[in-house]
Each structure stands twice: as structure tokens, then as C-alpha cells.
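Since the structure comes first, as C-alpha cells, the remarks are kept for the end.
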Amino acid sequence: MKIIFATGNAGKMKEIRMILSDLDAEILSMKEAGIEMEIDEDGLTFEENALIKARAIHSCAADAIVLADDSGLEIDYLDGLPGVYSARYMGEDTPYEVKNAAIIRKLCGVPDEERGARFVSAIAAVLPDGQTLTTQGVIEGIIAYEPAGDEGFGYDPIFYVPDFHATTAELTPEQKNAVSHRGKALRAMKKKLIRYFEEYEG
Ligand code: ITT
């Protein structure tokens, strides 16, 4: 079984490889599969965008299973922003130190109970027969008062998980994958894929 993951984000790809490591499958990034493509992520939801990415890559690799993740950080105090715009928020090329510092400034003086936020991940699969599957995972937290930690990527240094008394950038990759939006959504997708192939082979 060959799986191509439709992402150009190296941080995501590292997590995905760990989470899918127990699957009896060859996992290739887009780059490893020799596919280079600009994809217009113009969907209004995480699920729509994940399907857009997976379908775009499936059009170049119809014999593989194509998976895609669309994810982001929803901040209650900012009415759900950056949400589906998480990668593009304040400019795609703006360093995350700058974006994270700006978010913390926007929430200056805001108490814990109004700092609620969640990471959301939608995973889409396009199977060789064209059938699609989707799953979603969420992790709840609050926006930290200052960035902390060097693990992970993106908004991890400002996403504080009260149960761990730490940001997701302070967790080990194993700890993060065990509780994260992406870990939950990918494990649910693994179950769906296994069920699909049992039916397919049976
Ligand atoms: P691909 O579309 O190529 O997969 P991308 O980075 O553009 O890469 P998205 O459009 O799904 O991916 O945007 C997700 C953004 O949300 C990502 O760039 C981060 O800023 C943020 N994000 C998602 N999951 C995260 C996580 O686990 N930790 C930190 N930030 C995360």
C-alpha cells in the first residue's frame, strides 16, 4: 500500500510519519513522490480544504492512496481567527516568532477564561477508486501569556494545554501526537482505511 501525503509542511510531515508508523504502508511526502503543485486552498472549512488538497494530488497519482491535512488554530477572543487562514495569517512568509508575539499582544490583559483556543485538523483521503473519506480531530487549550518551548512548529509555542501545564512546543513529539488534533484525526483515518481495505480484500 502506497500513501502519498499532500503536504509541503515539514513539521506536519514529521508528525504524520510517526503517527502512521504502525501502518503496513509506504508513506511518501509530495516531494518524495515527485509531485510539485501550487494548490489554491479556497475552501471555507478545514474539511473542504483537506479534500481540495487530496483531490489535486490524486489527479497526478491515481494509483496511490492520497491523504491531506488541513488544520489551524481557532482563538475564541479573535472570533475563531486565524482558523482556516492559519498558514496565511499575517502573511505566509512571516516568521512564527512574529505571528505568535502579535497574537499574545492582541490578548494582552485578557483573563484565562477568555483565552480559549483549539487546534483543529481535518484529514481527507482519496482512494485509488476515487472514493473519499474524512475525519476530524480537536485539542482544546488556551493562548499562553508568553511563548514557550522549541518542539513542534507554527503556533505550538503559544498553545498552552492546562492538563500538561505546558505548551504543545514543550511536549515531546510522542506526548503531542498522543493528544493532538492531528493525532486524533489520523488515528480515526487509520481505522477507516483498515476497515475499507478489509472490505475491499474480503
Ligand atoms: P500544507 O497545506 O502543505 O499541508 P500548510 O502549513 O499550508 O501546509 P495548512 O494550510 O493546513 O497547512 O495550515 C495549517 C497551519 O495551522 C500551519 O501552517 C500552522 O500555522 C497551524 N497549525 C496547524 N497544526 C499545527 C500544529 O500542530 N502546531 C502548530 N501550528 C499548527
Side-chain angles (χ1 to χ4, degrees), residues 3-19 27-33 35-57 66-75 78 80-103 117-125 134-141 143-144 147-161 164 166-187 189:
I3 295 180
I4 299 175
F5 217 105
T7 181
N9 179 320
K12 270 190 195 178
M13 198 60 214
K14 203 171 147 205
E15 293 182 2
I16 288 158
R17 281 190 203 286
M18 277 184 73
I19 299 163
I27 318 276
L28 299 174
S29 66
M30 251 160 75
K31 202 171 156 197
E32 287 164 343
I35 303 170
E36 222 175 290
M37 198 191 279
E38 278 294 313
I39 303 168
D40 205 6
E41 296 176 29
D42 56 2
L44 296 178
T45 64
F46 294 112
E47 185 177 296
E48 273 175 35
N49 279 335
L51 279 166
I52 288 170
K53 291 187 245 191
R55 286 193 176 117
I57 300 307
V66 180
L67 295 185
D69 161 291
D70 196 70
S71 47
L73 176 64
E74 292 180 345
I75 302 175
L78 303 181
L81 283 175
V84 291
Y85 307 106
S86 289
R88 289 163 274 175
Y89 186 64
M90 292 179 64
E92 189 112 31
D93 298 324
T94 304
Y96 275 91
E97 295 77 51
V98 176
K99 297 192 196 195
N100 287 340
I103 289 174
R118 67 208 52 79
F119 274 132
V120 183
S121 161
I123 301 288
T134 56
T135 59
Q136 189 151 309
V138 175
I139 176 173
E140 295 285 342
I143 298 302
D150 302 313
E151 294 285 349
F153 64 97
Y155 299 103
D156 280 324
I158 62 165
F159 187 76
Y160 183 86
V161 187
F164 283 95
T167 68
T168 40
E170 293 179 293
L171 301 181
T172 64
E174 290 78 9
Q175 282 174 321
K176 181 182 170 190
N177 289 340
V179 295
S180 77
H181 52 317
R182 186 164 299 105
K184 289 173 186 163
L186 270 176
R187 283 189 292 274
M189 179 55 78

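Indexing begins at 1, ligand by ligand and atom by atom, following the structure's order.
Pro157 has its side chain out of reach of Glu97: every pair of non-hydrogen atoms, C-beta onward, lies at least 4.5 Å apart. Using a 4.5 Å cut-off on side-chain heavy atoms (C-beta onward), Thr168 and Val161 make contact. Side-chain contact check for Ile27 versus Met13: some heavy-atom pair is nearer than 4.5 Å.
Classification of Glu151 and Lys176 as a salt-bridged pair fails, no side-chain N sitting under 4.0 Å from a carboxylate O.
A ring-ring contact (aromatic ring centres under 6.0 Å, His included) with Phe119 holds for exactly one of Tyr160, Phe159, Phe153; it is Phe159.
The aromatic rings of Tyr96 and Tyr155 stand perpendicular to each other, their planes meeting at an angle above 60°, with 30° marking the opposite boundary.
Annotation: ligand 1 has protein neighbours Thr7, Gly8, Asn9, Lys12, Glu41, Lys53, Asp69, Asp70, Ser71, Gly72, Ser86, Ala87, Tyr96, Phe119, Phe153, Gly154, Tyr155, Asp156, Lys176, His181, Arg182, each with a heavy atom less than 4.0 angstrom from the ligand.
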